[in-house]
*Asks:* 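This structure is in structure tokens; I'll ask about it shortly.
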Amino acid sequence: MNAVLNQGRTGRDAGMARATAHADHRNAGWSDRAYLKARKFLHRIKRTFTAEQIRAWAYRNGLEEPTDDRAWGSILTRLSREGHIRKVNYTQAEGKACHMHPVTLWKVVE
């Protein structure tokens, strides 16, 4: 594997771990509750979705917001590694602060 790509993955994974650890430190068990909410979301939809959409649904349905939305990276990565979702494409972010940058489009694996 390309050394630069490997360093990028290492940095990505470390950043996700830090954001999730911080969310759990500020709100004990946040990542477990986020994972369970995400699983409920997946059972309710049978279409593609973005991280923005799953976060918004979880917050509307009682999940407290983490200190940094990047904590969701580890939740989505776990769901992907466990085979619940897969990347299918990219789309433009919807959030005003995101300035329409590309984001992953996920699909529920049935």
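Note: hydrogens, waters and symmetry copies are ignored here, and every other heavy atom, side chains too, is used.
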*Asks:* Mark yes or no for whether T20, through its side chain, and A17, through its backbone, hold a donor-acceptor pair below 3.5 Å.
*Replies:* no
*Asks:* Under 3.5 Å, is there a donor-acceptor pair between the side chain of E64 and the main chain of N27?
*Replies:*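 Side chain of E64 to backbone of N27, a donor-acceptor pair under 3.5 Å: no, none is there.
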*Asks:* Answer yes or no: is there a donor N or O on one side and an acceptor on the other, between the side chain of K37 and the main chain of N61, under 3.5 Å?
*Replies:*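 Side chain of K37 to backbone of N61, a donor-acceptor pair under 3.5 Å: yes, one is there.
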*Asks:* W72 and W30: aromatic ring centres closer than 6.0 Å?
*Replies:*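 When the ring centroids of W72 and W30 are compared, they turn out to be within the sub-6.0 Å range.
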*Asks:* Any side-chain heavy-atom pair from T50 and T91 closer than 4.5 angstrom?
*Replies:* yes
*Asks:* So how far is it from I75 CD1 to R55 CZ, rounded to the nearest 0.5 Å?
*Replies:* 12.0 Å
*Asks:* Tell me whether E82 contacts the main-chain N or O of L79 through its side chain, where contact means a donor paired with an acceptor under 3.5 Å.
*Replies:* no
*Asks:* If you compare all heavy atoms of Q53 against all heavy atoms of F41, which two are closest, and at what distance to 0.1 Å?
*Replies:*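 Minimum heavy-atom contact is O-CE1, 4.2 Å.
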*Asks:* Any link between V109 and Y35 through a network of hydrophobic side chains (Ile, Leu, Val, Met, Phe, Trp, Tyr) touching at under 4.5 Å?
*Replies:* no
*Asks:* Which heavy atom of E52 sits nearest to which heavy atom of E94, and what is that distance?
*Replies:* OE1-N, 2.8 Å
*Asks:* For R33, is the CZ atom crowded, meaning more than 12 foreign heavy atoms sit under 6.0 Å from it?
*Replies:* yes
*Asks:* Which atoms form the tightest heavy-atom contact between I85 and V108, and what is the distance?
*Replies:*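 Looks like CG2-CA, 4.3 Å.
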*Asks:* Over 60° means perpendicular and under 30° means parallel, so tell me whether F49 and W106 are parallel, tilted or perpendicular.
*Replies:*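 If you compare the ring of F49 with that of W106, the planes turn out parallel.
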*Asks:* Is it possible for you to say whether I54 and I45 belong to one hydrophobic cluster, with membership spreading through side-chain heavy-atom contacts below 4.5 Å?
*Replies:*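 Yes, I54 and I45 fall within the same hydrophobic cluster.
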*Asks:* Can you tell me how far NE2 of H22 sits from OG1 of T67, rounded to the nearest 0.5 angstrom?
*Replies:*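 Taking OG1 in T67 and NE2 in H22, the distance rounds to 3.5 Å.
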*Asks:* Go through the steps for M16 and T77 under the test side chain to side chain contact (heavy atoms under 4.5 Å, CB included), then give the verdict.
*Replies:* CA-CA 9 Å; M16 285 189 299; T77 298; 3.6 Å; yes
*Asks:* Is there a side-chain contact between R39 and H84 (heavy atoms, below 4.5 Å)?
*Replies:*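 Touching, per the 4.5 Å side-chain cut-off.
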*Asks:* Given 3.5 Å as the limit, does a donor-acceptor pair link the side chain of D24 with the main chain of S31, or not?
*Replies:* yes
*Asks:* Just verifying a value: how many Å separate R86 CZ and L105 CG, rounded to the nearest 0.5 Å?
*Replies:*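 Reported value, rounded in 0.5 Å steps: 10.5 Å.
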*Asks:* If you count the non-hydrogen atoms of other residues, nucleotides and ligands that lie under 6.0 Å from OH in Y90, is the total more than 12?
*Replies:*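 No, not enclosed.
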*Asks:* Is a side-chain donor or acceptor of S80 paired with a backbone partner of L76 at a separation under 3.5 angstrom?
*Replies:*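 Here the side-chain-to-backbone pair does not exist.
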